[in-house]
2 protein chains.
Amino acid sequence: MVDRTSGVPAFRQVAADLREKITAGQYAPGSQLPSERDLVETYGVSRPTIRDAVNVLRTEGIVVAEHGRGVFVRPPASIQRISRNRLSREARERNEGAFLADAAALGFTPSSSVKVNFEAADNRTAGYLDIEPGDEVTVRDRVMRANGLVVQLAVSRLPRALTRGTAIEEVDTGKGGAYARLEEAGHLIGRFAEHVGARMPTPQEASALQVTPGVPVITVTRVAYGQDGKPLEMNDMVLPADRYELSYEWEAD
Amino acid sequence: MVDRTSGVPAFRQVAADLREKITAGQYAPGSQLPSERDLVETYGVSRPTIRDAVNVLRTEGIVVAEHGRGVFVRPPASIQRISRNRLSREARERNEGAFLADAAALGFTPSSSVKVNFEAADNRTAGYLDIEPGDEVTVRDRVMRANGLVVQLAVSRLPRALTRGTAIEEVDTGKGGAYARLEEAGHLIGRFAEHVGARMPTPQEASALQVTPGVPVITVTRVAYGQDGKPLEMNDMVLPADRYELSYEWEAD
DNA sequence: TAGTGGTCTAGACCACAGC
DNA sequence: CTGTGGTCTAGACCACTAT
């Protein structure tokens with residue numbers, strides 16, 4: 001029952017009570033909450049108010065609703081820990097790129113689909129790649145799957161001048177991936193930088209990554225620089241935050 | 001007006017239409033949306049349906065509602081870009097730690113409050129610090145502010161054995177911060193690792209960081225290792241994702 | 001078929017901002 | 001005082017899941 005004199009909105013009281021029962025283990029991970037109509041009777045409020053309360057927990061990612069089945073306590077997702085030393089040249093020579101390296105290390109069956117096209121650079125792209133806005137760039141748009149489930153979106157952009165006549169403009173870049181083709185063309189990679197942020201997914205990203213509402217995405221923009229310091233490639237990656245953790249390591253001095 | 005034959009829920013149609021007008025610039029950053037009662041007439045749906053639509057945009061972080069004033073297009077937050085070179089020994093010697101180094105670089109007035117206490121290590125802490133669960137750890141709980149606004153929460157834990165008799169157990173760790181005190185005590189830092197994730201804030205974090213609903217937090221667990229490879233300190237940081245971007249850089253080989 | 005969540009209505013009253 | 005968002009009601013009907 002809710003306290004009508006506290007000044008706290010009823011739906012927040014209900015949400016807080018349910019949240020407490022979940023964290024206390026009274027509703028275990030994976031278990032079903034009472035139906036909305038049952039909660040109406042338990043708390044003595046109308047159904048829209050119960051729905052407001054449940055929606056609070058949904059946007060917090062604590063529960064998921066399944067149409068026709070019920071509302072369930074979301075079990076903690078298994079997290080893939082990815083460390084960044086995977087980008088060594090040695091690893092690139094062994095296999096077909098960073099994502100397949102992860103797959104090998106983590107033991108899942110990888111697959112991906114790629115679209116290649118050519119665009120004029122927008123301001124952001126031009127800034128990262130140190131070219132003029134409007135210059136032609138090669139765009140590789142990838143959807144990566146683990147055991148059939150989409151786990152990562154990546155859009156890679158390179159100055160067209162670097163990719164002409166190479167397999168980077170093909171769907172299949174061949175053994176070692178795009179980085180290997182760059183190095184064969186004489187563009188040795190000297191340095192990587194990654195810029196990491198987080199935000200809520202766009203509707204398209206949410207459906208592509210099959211994340212439930214309330215789960216943010218991690219955004220990573222990786223820039224590969226040549227040994228002369230010139231940018232060779234930028235790669236915008238979008239990862240579901242409930243399935244990934246990124247690790248970085250460096251010497252203290 | 002909404003299309004009742006499309007099968008798409010009315011509130012999603014309204015949300016999509018508003019989102020489009022916002023990204024197209026028809027409602028500029030900082031500007032006010034039409035009132036909910038105006039939108040009721042515009043789209044021909046009831047007020048709760050309009051509220052559902054606006055709530056979609058709120059959880060996406062696109063708009064913010066201000067009670068009694070209106071709904072406003074959220075201006076892009078100014079993002080602080082933090083790169084890892086802030087942890088150089090040189091920087092540590094110049095000032096009082098990583099956060100103050102950021103402040104100096106970015107030109108805001110920093111302040112922070114600290115609580116120090118001692119706890120028994122839980123399993124996670126014991127795992128990171130390579131000690132036994134139940135061993136005593138020194139806990140430094142910090143709230144960091146920029147120009148008075150809370151921008152970062154950090155909880156630092158060290159094995160008590162390393163901090164006894166040092167200023168690390170004081171609220172004021174003195175010039176150079178906790179890392180400087182560790183090195184004075186003979187524990188030279190050899191390596192850092194950072195583990196980065198993202199999630200929705202807990203209600204406490206949301207109010208402490210004053211993030212609007214729908215903005216995720218970035219979590220960073222930094223572990224400092226001694227030159228012998230033994231963990232010296234772990235630091236759990238929570239950053240509002242709309243105000244931070246993290247950068248990491250490394251050599252290709 | 002019964003039970004579940006998903007959507008929607010047409011109101012009502014309250015709390016806050018600003019003139 | 002007016003206009004704004006915040007909360008809440010008591011229903012209704014639909015779409016999906018499971019038996």
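Here the structure is a predicted model, which means the values were calculated and not measured. A note on names: the letters A, B, ... follow the listed sequences, proteins ahead of strands, and every chain is numbered from 1. The figures that follow rest on heavy atoms only: side chains count, while hydrogens, waters and symmetry mates do not.
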Engineer: Starting at atom CZ of B:F11, determine the distance to atom C1' of D:dC14, rounded to an integer number of angstrom.
Structural biologist: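 Value for this atom pair: 14 Å.
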Engineer: Enumerate the salt bridge (Lys or Arg N to Asp or Glu O under 4.0 Å) contacts for residues 17-35 of chain A, please, sequence neighbours excluded, ordered by first and then second residue.
Structural biologist: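 Output for this query lists A:D17-A:K21, A:R19-A:E60.
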Engineer: Please determine if A:R124 and A:D236 form a salt bridge, counting it only when a charged side-chain N lies under 4.0 Å from a carboxylate O.
Structural biologist: yes
Engineer: List in chain and number order the residues that pass side chain to side chain contact (heavy atoms under 4.5 Å, CB included) with A:T42, two or more places apart in sequence or in another chain; answer none if no residue qualifies.
Structural biologist: none
Engineer: For A:R51, enumerate each residue passing the salt bridge (Lys or Arg N to Asp or Glu O under 4.0 Å) test, keeping only those at least two apart in sequence or located in another chain.
Structural biologist: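 So A:R51 forms a salt bridge (Lys or Arg N to Asp or Glu O under 4.0 Å) with A:E36.
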Engineer: Mind checking B:V54 for me? I need base, sugar-phosphate or nothing, with any heavy atom below 4.0 Å counting as a touch.
Structural biologist: nothing
Engineer: Residues two or more places apart in sequence or in another chain: which of them pass side chain to side chain contact (heavy atoms under 4.5 Å, CB included) with B:N123?
Structural biologist: B:P133
Engineer: Pick the nucleotide of DNA chain D nearest each of A:R69 and A:D52; which residue has the one closer to the 5' end?
Structural biologist: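 Counting from the 5' end, the first nearest nucleotide belongs to A:D52.
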Engineer: Between which nucleotides of DNA chain C, read 5' to 3', does contact with chain A run, using atoms under 4.0 Å from its heavy atoms?
Structural biologist: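 Extent of the interface on DNA chain C: C:dG3 to C:dT7.
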Engineer: Please name all residues satisfying salt bridge (Lys or Arg N to Asp or Glu O under 4.0 Å) with B:E170, sequence neighbours left out, ordered by chain then number.
Structural biologist: none
Engineer: Near DNA chain D, which residues from residues 2-9 of chain A have a heavy atom under 4.0 Å away?
Structural biologist: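 When residues 2-9 of chain A is checked for heavy atoms under 4.0 Å from DNA chain D, the hits, listed by number, are A:R4, A:P9.
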Engineer: Under the rule for side chain to side chain donor-acceptor pair (under 3.5 Å), what residues qualify as partners of A:E169, not counting sequence neighbours?
Structural biologist: A:R160, A:T163
Engineer: Which residues pass the side chain to side chain contact (heavy atoms under 4.5 Å, CB included) test with A:A10, sequence neighbours left out?
Structural biologist: A:V2, A:R4, A:V45, A:T49
Engineer: Taking only residues two or more places apart in sequence, or in another chain, which ones meet B:S113 in a side chain to side chain donor-acceptor pair (under 3.5 Å)?
Structural biologist: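 If we apply the side chain to side chain donor-acceptor pair (under 3.5 Å) test to B:S113, skipping adjacent residues, the hits are B:R145.
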Engineer: Mind checking side chain to side chain contact (heavy atoms under 4.5 Å, CB included) for A:A65 and listing every partner two or more places apart, or none if nothing turns up?
Structural biologist: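 For A:A65 the side chain to side chain contact (heavy atoms under 4.5 Å, CB included) partners, ignoring immediate neighbours, are A:R58, A:V71.
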Engineer: With the threshold set at under 4.0 Å for non-hydrogen atoms, list the residues of residues 31-48 of chain B touching DNA chain D in residue-number order.
Structural biologist: B:S35, B:E36, B:R37, B:R47
